Amino acid sequence: MAKSAGQKSKALKPASGRSEASSHTIGSYLIQRLQDYGVRDVFGIPGDFVLTFYDQLQKSPLRVIGATREDNAGYAADGYARVNGIGAVCVTYCVGGLSLCNSIAGAYAEKSPVVVISGGPGVEERRNDPLLHHKVRDFNTQREVFEKITVASALLDDPLTAFREIDRCLEACVRYKRPVYLELPRDRVDSKPLSPYVPTTSPQISDKDALAAALTEAAERLAAAKKPVLIAGIEVHRFGLQKLVVELAEKFNIPMCATLLGKSVVSEKHPLYLGVYEGAMGRQAVTEYVESSDCVILLGAFMTDINLGIFTAHLDAGRCISATSEKLRIGHHHFHDVVFADFLRGLGGLKIPAKKKTPLPRRESAPATKRPASEPVTIASLFEHINSFLDDNMVVVADVGDSLFAASDLMIHKQTEFLSPAYYTSMGFAIPASVGVQVANRNLRPIVLVGDGAFQMTCLELSTSVRHKFNPLVIVLNNKGYTTERFLLEGPFNDILNWNYHNLPDLLGAGWGFEVHTVGELHQSVQAGLAKTDGFSLLNVHLKPDDTSPALRRLAERMSKQV
Ligand SMILES: Cc1ncc(C[n+]2csc(CCOP(=O)(O)OP(=O)(O)O)c2C)c(N)n1
Ligand SMILES: [Mg+2]
C-alpha cells in the first residue's frame with residue numbers, strides 16, 4: 001500500500017474517541033475499540049486457542065454469530081462490512097485462520113474492511129518450539145500468510161505494544177478499506193498495559209497545494225468538456241461518498257455510469273444514470289457514450305479486467321480524470337497526497353457553468369413480453385421477472401457465473417443494493433454474504449442469485465439464516481454444471497451432480513423449497529416465496545446448460561481467446 005494521504009472517515013469515527021486503556025486488558029480493549037469503530041457483531045467458530053477471548057466476546061455487547069465453516073464466516077463478515085462499513089471475524093489458530101484465507105483475500109481485493117482476529121498458542125507455550133496441535137511449520141506461519149492478504153497485521157504478544165498495535169491496525173482497516181489481522185495469544189487476553197496508554201488518531205489531511213493544483217486542472221478540463229461523463233466505482237460506496245457523486249452529477253448535468261463491481265453505487269433510477277460501463281461486455285449505447293466522451297471522470301473505480309470487460313474498454317488516459325483513495329491522475333499528471341473525499345468535495349464546489357442537458361441513450365426497459373405460463377424458464381425470462389419484483393428493501397447478492405453477468409442488467413433501485421465478488425470472483429460468496437447482510441440490517445431482504453456450482457460450495461450457511469430466522473429468497477440457477485467454464489473449455493470436469501436443491505428445507509428443518517421448470521411456476525413460486533417473510537425460500541430453477549446471458553457470452557468469447 002502506497003503511503004498517501006488517507007481519509008477522515010466520518011461515518012466510522014470512533015464513537016468514544018479516546019478509550020482510556022489503563023482499565024482494560026488486551027482482550028477487553030480490542031472489544032471496546034471494535035465497538036468504537038462500529039462493529040456490533042463478530043462472525044466465527046471457536047477453538048481452544050481462542051476460547052478465553054470468545055468468553056470475553058460473549059460477555060460483551062458484541063453479538064457472536066456462529067458459522068458452519070470459517071471461510072463462510074469470512075464471506076459473511078465481508079458482506080456485513082459492505083453494508084455496515086466494517087466487519088469482524090474471530091477464529092482459532094491455523095485450522096480456522098488458514099481456512100479464512102480465500103474469503104479475506106477477496107475482501108482485500110475488493111476493498112472490504114474486515115478485522116480478522118485469531119487466537120493463538122500462549123507466548124509461554126511457544127518457548128522451545130513444541131509440536132502443539134494446529135501448528136504448521138512454525139508459530140509464525142499463519143501470521144506470515146495473512147501479512148500478504150491484509151493491509152496491516154500484528155501479533156498481540158506484548159502488553160507494551162499490543163494496545164498501540166490494535167489502534168494502528170483498526171485505523172488502517174478503515175483508512176484503506178482493507179482487511180487487517182490481529183493474532184491474540186491465549187495467555188495475553190487478560191494482560192494489562194504496562195504503562196498508561198491513551199490512543200491517538202491521526203486524521204488524514206490533503207496537501208493543500210496539491211489539492212488546489214488538481215482542482216484547477218480539473219476545472220479547466222471540465223469547463224472545456226463538451227461531453228463529460230462520470231464513472232462511479234466501488235470506493236464511492238466504501239468511503240460513503242455516494243451523495244457527493246450524485247450532487248456533482250446534478251450540479252453540472254453530467255451523466256453517470258457505474259463499474260460492474262460498483263454497480264448500484266448510484267441509484268440506477270436516477271435520470272442522469274446511463275448504465276454499467278464495461279467495455280465491449282456492456283450495453284453498446286453506454287460504451288459508445290463513454291468512449292466518445294472528451295472528459296471521463298472516474299471516481300473510486302478500479303480498472304480490473306472484469307470491470308473493463310476483459311480490457312475491451314477504450315479509455316484514453318489523456319481524457320480521464322481518475323481519483324481513488326490511492327491515486328489521483330488528471331490526464332497524464334499525477335497528484336500526491338490528495339484525500340479522495342477532499343477532491344470530490346472540491347469538484348462539487350467548482351465555479352464553472354453546468355452543461356446543457358442533452359438527450360441520453362435511454363435504458364431499454366425490460367420487454368414486457370407476455371410469455372405463456374407453460375414456456376420453459378430461460379435466463380432471459382428469469383431475469384426479466386426478477387427485474388419486475390425488485391423493490392427498495394431488497395439487496396441483490398450475486399455469486400460468480402451467470403448469476404453475476406446476467407445481473408449486470410438488473411435495475412437496482414437504491415444505492416449499494418447490489419453485492420457481488422465482481423473482481424475477485426470467488427464462487428460461494430453469495431449465500432454466506434447474504435447472512436452478513438441480514439446480521440448488519442435485518443430489514444434488508446437478500447435476493448440471492450447463485451449458480452448450482454457455487455451453491456454446492458457454501459449452501460449450508462443457510463443453516464445460519466435459519467438459526468436467526470432470516471428470510472433470503474435464494475434463486476439457484478440450475479444449469480447442471482459450470483456453464484461459464486463450458487464456454488472456455490468443454491469437458492466432463494464441468495459436470496456436477498444434479499441435487500434436489502429444493503429439498504434443502506427438509507435437511508435444515510425450516511424454509512420453503514420450490515422446483516421451477518416453467519414461467520408459470522416461476523411466477524407462482526416467487527410470489528409464494530416473497531410472501532413468506534419469516535424464513536428462507538429457495539427456488540431450484542431448471543435451465544439448459546447452454547442457455548446464457550448475452551453478457552456472459554461476450555465475456556466468455558473474450559476469455560476463451562486467452563485460455
Ligand atoms: C472458488 C472458485 N473456484 C473455481 C472458480 C472457477 N470458476 C469460475 S466460474 C465457474 C463455474 C461456476 O458454475 P456455477 O456456479 O454453476 O455458475 P454458472 O457458470 O453455471 O452460471 C468456475 C468453476 C472460481 N471462480 N471460484
Ligand atoms: Mg451452473
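Just so we're clear, the structure is a prediction, and the values are computed from it rather than from any experiment. These numbers come from the heavy atoms of this one structure, side chains and all, not from hydrogens, waters or symmetry mates. Read the numbers this way: they start at 1 and go in the same order the structure lists the ligands and their atoms.
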Inset, instruction - Specify whether Phe389 and His385 have parallel, tilted or perpendicular ring planes, treating 30° as the upper limit for parallel and 60° as the lower limit for perpendicular. - result: perpendicular
Legend entry - Parallel, tilted or perpendicular: rings of His134 and Phe49 (30°, 60°): perpendicular
Legend entry - Nearest non-hydrogen protein atom, atom 11 (C) of ligand 1: Tyr482 CB, 3.5 Å
Inset, instruction - Identify, for atom 19 (O) of ligand 1, the protein heavy atom at the shortest distance, and state residue, atom and that distance. - result: Thr484 OG1, 2.5 Å
Inset, instruction - Can you sort out which atoms of ligand 1 are near Gly451, meaning under 4.0 Å from one of its heavy atoms? - result: 14 (P), 15 (O), 16 (O), 17 (O)
Legend entry - Nearest-neighbour protein heavy atom for atom 15 (O) of ligand 1, which is reported as residue plus atom name and distance: Ala454 N, 2.8 Å
Inset, instruction - For residues Phe43 and Tyr80, establish whether the separation of their ring centroids is below 6.0 Å. - result: yes
Inset, instruction - For ligand 1, note which part of Thr425 has a heavy atom under 4.0 Å away: side chain, backbone, both or neither. - result: backbone
Inset, instruction - Report yes if the side chains of Ser103 and Phe429 come closer than 4.5 Å at any heavy-atom pair, otherwise no. - result: no
Inset, instruction - Identify, for atom 21 (O) of ligand 1, the protein heavy atom at the shortest distance, and state residue, atom and that distance. - result: Asp402 N, 3.0 Å
Legend entry - Charged tip of Lys148 within 45° of Phe146 ring normal and under 6.0 Å: no
Legend entry - Straight-line distance of Lys111 NZ to Arg178 CZ, nearest 0.5 Å: 4.5 Å
Legend entry - Spacing of CZ belonging to Phe340 relative to CG belonging to Leu299, to within rounding of 0.5 Å: 5.5 Å
Legend entry - Under-2.8 Å protein N/O/S neighbours of the Mg ion (ligand 2), ordered by chain then residue number: Asp452 OD1, Asn479 OD1, Gly481 O
Inset, instruction - Evaluate the side-chain proximity of Ser408 to Glu278: yes if any heavy-atom separation is below 4.5 Å, no if none is. - result: yes
Inset, instruction - Consider only side-chain N and O atoms of Ser153 and Thr150, and report whether a donor and an acceptor are under 3.5 Å apart. - result: no
Inset, instruction - Report the relative orientation of the aromatic rings in Phe455 and Tyr501; use parallel for angles under 30°, tilted for 30 to 60°, perpendicular for over 60°. - result: perpendicular
Inset, instruction - Name the option, out of Leu488, Ile496, Asn479, that contains the heavy atom nearest to atom 18 (P) of ligand 1. - result: Asn479
Inset, instruction - Specify side chain, backbone, both or neither for Glu485, according to which of its non-hydrogen atoms lie closer than 4.0 Å to ligand 1. - result: side chain
Inset, instruction - Please indicate whether any nitrogen or oxygen in Ser403 is less than 3.5 Å from any nitrogen or oxygen in ligand 1. - result: no
Inset, instruction - Look at atom 5 (C) of ligand 1 and say which protein heavy atom is nearest, naming residue and atom and giving the distance to 0.1 Å. - result: Met427 SD, 3.6 Å
Inset, instruction - For the residue pair Thr458 and Asn72, confirm or rule out a side-chain donor-acceptor distance under 3.5 Å. - result: no
Inset, instruction - Would you tell me whether Asn498 and Asn478 have side-chain atoms, one donor and one acceptor, within less than 3.5 Å of each other? - result: yes
Inset, instruction - Determine, considering heavy atoms only, which of Gly481, Ser426, Ala406, Gly453 sits nearest to atom 20 (O) of ligand 1. - result: Gly481
Legend entry - Protein heavy-atom partner closest to atom 16 (O) of ligand 1 - residue, atom, separation in Å: Asp452 OD1, 2.6 Å
